[in-house]
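Throughout, protein chains are lettered first and strands after them, A, B, ... in sequence-line order, and every chain is numbered starting at 1.
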Number of protein chains: 2
Amino acid sequence: MAKNKRDIDLDVKRKELEQAAARLFMARGYDATSMGSIAKELGVTANTLYWYYASKDELLVGVLNRLLSDSLEKLPAMMELSLRDQIDWTLRELEKSRPLVNTVHGKLGESAAIRDWHDRFHSLLESAVAHTLKAKGIRGERARMLATVAIFLVEGLLAHPHTETQRDDILAWFSQNSAADPA
Amino acid sequence: MAKNKRDIDLDVKRKELEQAAARLFMARGYDATSMGSIAKELGVTANTLYWYYASKDELLVGVLNRLLSDSLEKLPAMMELSLRDQIDWTLRELEKSRPLVNTVHGKLGESAAIRDWHDRFHSLLESAVAHTLKAKGIRGERARMLATVAIFLVEGLLAHPHTETQRDDILAWFSQNSAADPA
DNA sequence: TATCACTCTTGTATGCCATTCAAGATTGAC
DNA sequence: GTCAATCTTGAATGGCATACAAGAGTGATA
């Protein structure tokens, strides 16, 4: 079972690395965080990181996937909320990683690895929101359009500072206007 | 008039530098474009750029301001369009510089100079949209909220690939639901 | 015309960074 | 106790933004 033990260690180490990386990326920003400074957190050399990840971008993807899967565990409970509360929940969840969200968007043009992750994440979110809308009786095409809008609103609120009131107003307005098409 | 002649040269050179920088930033991305490669376009050394700009970020701000003031010249004509067409126009105008928009959002957390520019740009856009909405008879507070939403939609469409149909649907939906409050 | 101050440009250098490579160290399997 | 796979490291490479001080060009002044 040697193989197995190694595999376990691998995941443990990856987890530690990704947690350290997440902390530093969020505190200082992605570009301002060197591979060396992440490695130092665990008392290893920068080179060591390259045994676990092919590049700094891949490490970021690892961090993102870990955060995502943590959030995904709470998804079933979340799906029982109202649409409005689902959006609010998503927003608060993403706010915990706000700096990373901006980093991802900034790197879309330069890193295929990050773009891939981003695209898959978007599909996931859109599917979830569209599913809820369809459950409310909204036809598929319109549900998808509204899901896209919902995500744009989440991203906008995430990227730009705003008051609680602003957020509430926007979410209330969206909920009200995302009912079935009056036409 | 020596002073004057110099000042003119300064602006000419800045313009050339900013045009070269804009081209490279958009083609290869901000991080992937070195100061040296920009300088080489004009046959000078990287150091030379530092006489005109305090840093690479400041050069980016220069590029942004130049693009912005170019667009701003067309603003009066634009203000006579319908709200829907105003948003569409803004979107198409920003699409010309799509890579830079993403760069700016990615750097918000790390560069005060860029954050300042971004905040001022947002105020400008929001004021313009809110002004149009108020002219349609929507009360101030609601107009500001809808202006914020409009900008979030523009940014969302800008950052994420989409079809013409998707865009049309979203803009149509927004126009329809940004009328005076039914309540 | 000679000098001066200001504007612009460059050569050279520093320090940081991501990433590579080859060589050690560790450890389970046989 | 040897072997192979799994980790870790030291040392090096090349690129980068940026700093500094020295030079070249140019208009104004005397």
Side-chain angles (χ1 to χ4, degrees), chain A residues 1-18 20-22 24-25 27-63 103-104 106-107 109-114, chain B residues 1-18 20-22 24-25 27-63 103-104 106-107 109-114:
Chain A
M1 303 296 112
K3 197 67 171 298
N4 219 332
K5 182 166 185 290
R6 290 293 183 132
D7 282 358
I8 288 170
D9 286 355
L10 187 84
D11 272 358
V12 168
K13 194 79 177 225
R14 266 206 237 266
K15 179 170 184 175
E16 290 171 348
L17 285 173
E18 284 159 10
L24 292 179
F25 286 163
R28 311 179 188 172
Y30 179 77
D31 284 344
T33 302
S34 71
M35 293 296 263
S37 66
I38 298 167
K40 197 182 293 179
E41 292 275 305
L42 299 201
V44 294
T45 322
N47 304 344
T48 303
L49 296 192
Y50 286 88
W51 193 87
Y52 295 93
Y53 306 94
S55 67
K56 195 182 177 185
D57 283 354
E58 296 283 358
L59 169 56
L60 175 57
V61 169
V63 167
T103 299
V104 167
K107 293 232 154 259
E110 297 173 28
S111 165
I114 292 175
Chain B
M1 300 297 113
K3 197 66 171 298
N4 219 331
K5 182 165 184 289
R6 290 293 183 133
D7 283 357
I8 289 171
D9 285 355
L10 186 84
D11 273 358
V12 169
K13 194 80 177 224
R14 266 206 237 267
K15 181 172 183 174
E16 289 171 349
L17 286 172
E18 283 159 12
L24 293 180
F25 286 163
R28 313 179 185 171
Y30 179 77
D31 285 344
T33 302
S34 70
M35 292 295 264
S37 66
I38 298 166
K40 196 182 293 180
E41 292 276 306
L42 299 201
V44 293
T45 320
N47 302 343
T48 302
L49 296 192
Y50 286 89
W51 193 86
Y52 295 94
Y53 306 94
S55 67
K56 195 181 176 185
D57 283 353
E58 297 282 358
L59 169 57
L60 175 57
V61 170
V63 168
T103 299
V104 166
K107 292 232 152 262
E110 297 173 27
S111 164
I114 292 175

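- For A:Tyr52, taking side-chain heavy atoms from C-beta onward, the closest of the listed nucleotides D:dT8, C:dT9, D:dT18 is D:dT8.
- In this structure, the nucleotide among C:dA18, D:dT8, C:dT12 sitting nearest to the side chain of B:Asn47 is C:dT12.
- Between B:Leu59 atom CG and B:Phe25 atom CZ the span is 4.5 Å, to the nearest 0.5 Å.
- Residue B:Lys13 places at least one side-chain N or O closer than 4.0 Å to OP1 or OP2 of C:dT9.
- When side chains are defined from C-beta on, B:Lys56 does not count as touching B:Leu60, because their heavy atoms never get closer than 4.5 Å.
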Report task. Please step through side-chain hydrogen bond (donor to acceptor under 3.5 Å, both in side chains) for the pair A:Glu18 and A:Tyr53, ending with a clear verdict. Result -> CA-CA 11 Å; A:Glu18 284 159 10; A:Tyr53 306 94; 2.6 Å; yes

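- Comparing C:dC8, D:dA17, D:dT9 by their closest approach to the side chain of B:Leu10 singles out C:dC8.
- Between B:Ser34 and D:dG15, a side-chain N or O to OP1/OP2 separation shorter than 4.0 Å is absent.
- For the OP1/OP2 pair of C:dC17 and a distance below 4.0 Å, the side-chain nitrogens and oxygens of A:Lys56 include no atom meeting the criterion.
- Within the nucleic acid shown, A:Thr45 comes within 4.0 Å of sugar-phosphate atoms alone, with no base atom in reach, counting heavy atoms only.
- For A:Val44, the side-chain atoms get nearest to D:dT9 when compared with the rest of D:dT18, C:dT9, D:dT9.
- The CE atom of B:Met35 sits 4.5 Å away from the CG atom of B:Leu49 when rounded to the nearest 0.5 Å.
- For B:Trp51, the listed nucleotide lying nearest its side chain is C:dC8; candidates were D:dT18, C:dC8, D:dC7.
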